[in-house]
Amino acid sequence: MVHDLDYEQFPEQHCRKTEEILASENWPAEYIRAAVSHGWGICTDVEPRSELEKVLYAVDELTGLVAATALVRPSRSVMDMKAKSVKKKWKDRAFAAGVNREVVEKGASMLGVELGELIDDVIMGMREAAEEIGLKGDPDVSG
Ligand SMILES: [Fe+2]
């Protein structure tokens with residue numbers, strides 16, 4: 001789901017610039033709204049309402065924590081990682097300090113799911129794309 005397309009070029013106008021760019025490219029309004037709402041409370045006041053918006057809001061920050069957790073494992077992989085490992089790092093606020101845990105909690109509660117369940121889903125999703133996102137790890141090392 002497209003969402004950070006303006007970040008590198010226009011960090012100060014994050015989300016607002018996305019709206020402008022996607023609108024000029026005639027993207028469907030529901031996609032534009034979803035992209036903008038991922039910055040709710042941070043760079044926009046557009047609250048996630050649809051399922052798509054809530055999922056994007058909830059998992060965007062969490063993928064960062066899952067990736068960071070995978071990268072400090074011996075296997076450097078999400079393939080053999082469990083939610084438990086991520087939960088341990090969740091409590092360590094100095095680890096991946098840029099990951100806004102409050103946003104993830106808010107997102108999980110919007111979706112009506114437990115944090116552990118959300119982490120499980122994110123790990124599963126990232127396994128599917130592990131090769132492309134560089135988190136398949138080294139097959140010779142087991143974690
Ligand atoms: Fe963003």
Side-chain angles (χ1 to χ4, degrees), residues 1-139 143:
M1 172 73 215
V2 162
H3 63 284
D4 275 341
L5 77 160
D6 60 3
Y7 196 71
E8 278 181 30
Q9 243 188 310
F10 310 99
E12 300 305 316
Q13 299 172 71
H14 184 39
C15 293
R16 279 168 289 142
K17 201 72 186 174
T18 293
E19 184 170 19
E20 201 182 300
I21 296 165
L22 294 180
S24 74
E25 297 289 327
N26 299 313
W27 275 54
E30 63 176 306
Y31 284 104
I32 298 175
R33 195 183 188 283
V36 172
S37 74
H38 92 274
W40 180 51
I42 298 161
C43 50
T44 74
D45 52 9
V46 179
E47 186 175 347
R49 279 199 307 241
S50 69
E51 194 74 4
L52 172 71
E53 291 167 356
K54 290 176 187 173
V55 169
L56 177 60
Y57 179 80
V59 310
D60 183 31
E61 290 283 308
L62 185 51
T63 52
L65 183 65
V66 171
T69 304
L71 290 172
V72 296
R73 294 166 55 75
S75 66
R76 297 178 61 81
S77 171
V78 287
M79 304 310 285
D80 58 350
M81 190 172 73
K82 304 235 164 41
K84 211 175 116 193
S85 306
V86 179
K87 276 187 148 177
K88 240 163 103 187
K89 294 294 187 190
W90 173 279
K91 289 184 205 138
D92 178 0
R93 300 281 158 153
F95 181 82
V99 173
N100 190 330
R101 281 126 168 110
E102 231 176 85
V103 164
V104 180
E105 274 167 354
K106 239 195 277 181
S109 100
M110 271 181 202
L111 289 166
V113 298
E114 293 295 322
L115 180 63
E117 197 184 327
L118 189 64
I119 294 171
D120 266 334
D121 285 349
V122 166
I123 292 173
M124 292 308 166
M126 288 172 83
R127 278 184 191 171
E128 282 174 32
E131 187 86 66
E132 297 98 292
I133 60 178
L135 293 174
K136 194 139 193 183
D138 180 349

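Annotation: side chain of Arg127 is in contact with side chain of Ile123 (closest heavy-atom distance under 4.5 Å). The closest side-chain heavy-atom distance from Met81 to Val78 is below 4.5 Å. Here the side chains of Pro48 and Met110 are in contact, with some heavy-atom distance below 4.5 Å. Between Val122 and Leu65, the closest side-chain pair of non-hydrogen atoms is not below 4.5 Å. Side chains of Trp90 and Val99 form no contact here, defined as non-hydrogen atoms less than 4.5 Å apart.
Minimum interatomic distance between Met79 and Ser77 (heavy atoms only, all atoms of both residues): N-OG, 2.8 Å. Smallest separation of non-hydrogen atoms from Arg73 and Ser85: NH1-OG, 3.5 Å. Residues Leu118 and Ala58 approach most closely at CD2-CB, 4.0 Å, considering heavy atoms. Closest non-hydrogen pair, Leu52 versus Ala34, comes out as CD2-CB, 3.8 Å. Shown here for Val72 and Lys89, the closest heavy-atom pair between the two residues is CG2-CE, 4.0 Å. Of all heavy-atom pairs between Ala83 and Gly116, the closest is CB-O, 4.1 Å.
The environment of CG in Asp45 is sparse: at most 12 heavy-atom neighbours from other residues, nucleotides or ligands sit within 6.0 Å. Taking a 6.0 Å sphere around CD of Glu114, one finds it holds 12 or fewer heavy atoms contributed by other residues, nucleotides or ligands. At most 12 heavy atoms of other shown residues, nucleotides or ligands fall within 6.0 angstrom of atom CZ in Arg76. Environment of CD in Glu132: crowded, with over 12 heavy atoms of neighbouring residues, nucleotides or ligands closer than 6.0 Å.
When atom types are taken as modelled, the side chain of Asn100 and the backbone of Val103 share a donor-acceptor pair closer than 3.5 angstrom. Remark: side-chain polar atoms of Thr44 are paired, donor with acceptor, to backbone N or O of Val36 under 3.5 angstrom.
One finds the CD1 atom of Ile32 at 10.0 Å from the OG1 atom of Thr18 (value rounded to the nearest 0.5 Å). Separating the NZ atom in Lys106 from the CD atom in Glu47 is a distance of 8.5 Å, to the nearest 0.5 Å. Once rounded to the nearest 0.5 Å, the distance linking CD of Glu25 with CG of Leu5 reads 9.5 Å. One distance of note links NZ of Lys54 with CZ of Arg49; it measures 10.0 Å at 0.5 Å rounding. Distance check: Glu53 CD to Trp40 CH2 gives 11.5 Å after rounding to the nearest 0.5 Å. Interatomic distance, Met1 CE to Tyr31 OH, rounded to the nearest 0.5 Å: 7.0 Å.
A side-chain hydrogen bond (donor to acceptor under 3.5 Å, both in side chains) with Asp6 is found for one member of Arg16, Gln13, His14 and no other, namely His14. Among the candidates Thr63, Ile119, Leu115, Asp60, the single residue satisfying the side-chain contact (heavy atoms from CB on, under 4.5 Å) test with Val104 is Leu115.
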Stepwise salt bridge (charged side-chain N to carboxylate O under 4.0 Å, His left out) test for Glu20 and Lys17: CA-CA 5 Å; Glu20 201 182 300; Lys17 201 72 186 174; 3.1 Å; yes

Step-by-step side-chain contact (heavy atoms from CB on, under 4.5 Å) determination, Leu111 to Glu51: CA-CA 8 Å; Leu111 289 166; Glu51 194 74 4; 3.9 Å; yes

